[in-house]
Amino acid sequence: MIKSVFAKAIRGNYASSFKYSTFSAKDLEITLTAEPKKKPAFDNNLKFGEASTDHMLEIVWNKEGGWGKPKITPFRNLEIHPFNTTLHYALSCFEGMKAYKDANKGTRLFRPDKNCERLQSSFTRLSFPQFDTAELQECIKQLVRVERDWVPEKDGFSLYIRPFGMSLTDKLGVRPADSVLLLVCCSPVGPYYPSGFKPIKLYVNEEHIRAAYGGSGHYKLGANYGPTVDISADAERKGYSQVLWITNGLVTEVGTSNFMVRWINEKGQDEVVTPPLDGLILPGVTRDSILTLLRAKPDIKVSERNFTIEELVKAASEKRVIEAFGCGTAAVVSPIKGLYFRGKEYTIPINEKVNAGDLTFELNKELQDIQYGRKPHPWSISVDDVAVRAGYGMRKAYST
């Protein structure tokens, strides 16, 4: 399902009109920093997105010459022209993925192909140039190899990887970019829940929507996130951790994550239901992984279909909701203990021994066992494999 959505997006009306070309990992040039940074303590004080590593991957495209050579360079600030169209028209998109250390101190990525495919999809939506996603994967693997000492060797910790694309056009006007930067930078991060799960309560906002049919809700564009900040802050002021987004009464996402609920449906079936990939929600990699794991479990019906907020609160009122959770790269799963809708709070059960629903807890463990290499699985990709590196003519230099 997730692959078909990406493919559909790449074939869509917003496909770049420029001739297809790509960069190649075999042309990767590496310039190592002469002044490595002091690493932060890899403990529970490590905050998300604050510490940057020593290097970044950058690839520039322009209309005249196509893609340039990929380069790993020392981390630095970017210089931006005041007329840059990313600043004025939100011509940017991004991804989020992680590298993990396994028990043998090897470094692993989790389904990097899916993140690269989704970034390609977002590029297409912005009329940015296409590229070979396999080549980007190889470049990211090499960046992670360079930064391997920044991957914490602790369970629950990881190296967050942020690929993003932005226009480099320095002329005002709403038009396709004539130059684009694809950049990948990294940040070590601690566990989302340092002392165990903390189930959250949701605020259902009927006044504002996150996405609409025909819009861009199923792409990871920067423009989708900025307008949610004030709405989310308002929910926090009311005492709720996240917004449960709805569109025309349909449940869509929770905060910046996909949403799943396990209930006894009106046919008496034990069912996990999540909104479908029909244009309103992001095709999450964690979402797709959880659905795959769920479909291998007996006795639980798994459905991707629309359902309304009225259906959800009715089920909660009738005590048919068993558990609910958000899912995404940052937290893997976020257990939910309640929601507020039209002046009333509805309770969602949790197992107080683990501060999560039983299935939520099980899925979190199963996914993390794969991510950290404790459970062999094709989704977990080693970046230490010599065979992966073979044939890539990396050139290294040291910055002065």
Side-chain angles (χ1 to χ4, degrees), residues 2 48 96-98 110 118 156 160 189 191-194 196-205 209-211 217-218 220 224-225 228-229 231-233 235-236 238-247 250-263 271-277 280-294 302-307 309 312-313 315-316 321-341 345-351 354-368 371:
I2 194 170
F48 178 85
M97 52 199 295
K98 289 180 178 179
F110 180 73
R118 192 169 64 182
Y160 184 80
V189 295
Y192 197 86
Y193 298 107
F197 279 127
K198 291 183 179 179
I200 62 174
K201 292 196 295 183
L202 310 180
Y203 183 85
V204 180
N205 189 302
I209 64 172
R210 178 196 165 273
H218 53 304
K220 207 166 179 65
N224 291 341
Y225 292 80
T228 70
V229 171
I231 314 305
S232 299
E236 287 187 27
K238 291 180 168 70
Y240 299 90
S241 301
Q242 296 282 1
V243 173
L244 181 61
W245 299 100
I246 60 175
T247 297
L250 298 176
V251 174
T252 60
E253 294 194 351
V254 52
T256 58
S257 303
N258 294 125
F259 177 73
M260 296 191 183
V261 59
R262 181 186 182 190
W263 61 17
E271 178 185 37
V272 174
V273 61
T274 192
L277 301 180
L280 286 182
I281 72 165
L282 191 71
V285 178
T286 306
R287 173 191 181 276
D288 182 73
S289 304
I290 287 175
L291 289 174
T292 301
L293 295 177
L294 282 171
V302 181
S303 301
E304 296 177 74
R305 62 176 176 84
N306 285 318
F307 58 98
I309 184 62
L312 178 57
V313 298
V321 173
I322 301 171
E323 58 191 288
F325 58 91
C327 57
T329 299
V332 184
V333 296
S334 296
I336 295 164
K337 66 179 181 179
L339 61 89
Y340 174 93
F341 177 62
E345 287 202 353
Y346 298 85
T347 299
I348 295 176
I350 60 166
N351 180 344
V354 294
N355 270 334
D358 292 337
L359 184 60
T360 305
F361 184 83
E362 178 185 333
L363 289 167
N364 180 70
K365 183 181 185 305
E366 193 168 355
L367 268 180
Q368 291 205 21
Q371 291 167 340

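Just so you know, these numbers use all the heavy atoms, side chains as well, and skip hydrogens, waters and symmetry mates.
- Note that CD1 of I336 is 11.0 Å distant from CE of M260, once rounded to the nearest 0.5 Å.
- Put simply, the side chain of S334 reaches to within 4.5 Å of the side chain of Y193, judged on heavy atoms.
- Residue F259 comes nearest to P275 through the heavy atom pair O-CD, 3.4 Å, listed as atom of the first residue, atom of the second, then distance.
- Taking each heavy atom of R118 and L282 in turn, the nearest pair found is NH1-CD2, 3.5 Å.
- In this structure, CD1 in I290 is found 5.5 Å from CG in L367, a value given to the nearest 0.5 Å.
- Between M97 and F110 there is no side-chain heavy-atom pair separated by less than 4.5 Å.
- With rounding to the nearest 0.5 angstrom, the CD1 atom of I348 is 6.0 Å from the CG atom of L312.
- What you find for P283 and L277 is that their closest heavy atoms are CA-CD2, 3.7 Å.
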Practice task
Start with the C-alpha distance between Y160 and F48, add both sets of side-chain angles, then the distance that settles ring-ring contact (aromatic ring centres under 6.0 Å, His included), and finish with yes or no.
Solution key: CA-CA 8 Å; Y160 184 80; F48 178 85; 4.9 Å; yes
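- Distance OG/S289 to CG/L363: 11.0 Å, rounded to 0.5 Å.
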Practice task
Please test L294 against L359 for side-chain contact (heavy atoms from CB on, under 4.5 Å), starting from the C-alpha separation and ending with a verdict.
Solution key: CA-CA 9 Å; L294 282 171; L359 184 60; 3.7 Å; yes
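- In this structure, the separation between OG1 on T329 and NZ on K98 is 7.0 Å, given to the nearest 0.5 Å.
- Ring pair Y340/Y240 is tilted by interplanar angle, where 30° to 60° counts as tilted.
- Ion pairing between a basic and an acidic side chain is recognised when a charged N comes within 4.0 Å of a carboxylate O; E253 and R287 show no such pairing.
- Heavy-atom neighbours of F341 CZ from other residues, nucleotides or ligands within 6.0 Å: above the threshold of 12.
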Practice task
Begin with the C-alpha distance, continue with both residues' side-chain angles, and end with the deciding distance and a verdict on side-chain contact (heavy atoms from CB on, under 4.5 Å) for Y225 and K220.
Solution key: CA-CA 9 Å; Y225 292 80; K220 207 166 179 65; 3.1 Å; yes
Exercise for the section: Give the C-alpha distance, both sets of side-chain angles, the deciding distance and a yes or no for side-chain contact (heavy atoms from CB on, under 4.5 Å) between I350 and F197. Expected result: CA-CA 11 Å; I350 60 166; F197 279 127; over 6 Å; no
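- Considering SG of C327 and CG of L291, their distance stands at 7.5 Å, rounded to 0.5 Å.
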Problem - Step-by-step side-chain contact (heavy atoms from CB on, under 4.5 Å) determination, Y192 to V332 - result: CA-CA 9 Å; Y192 197 86; V332 184; over 6 Å; no
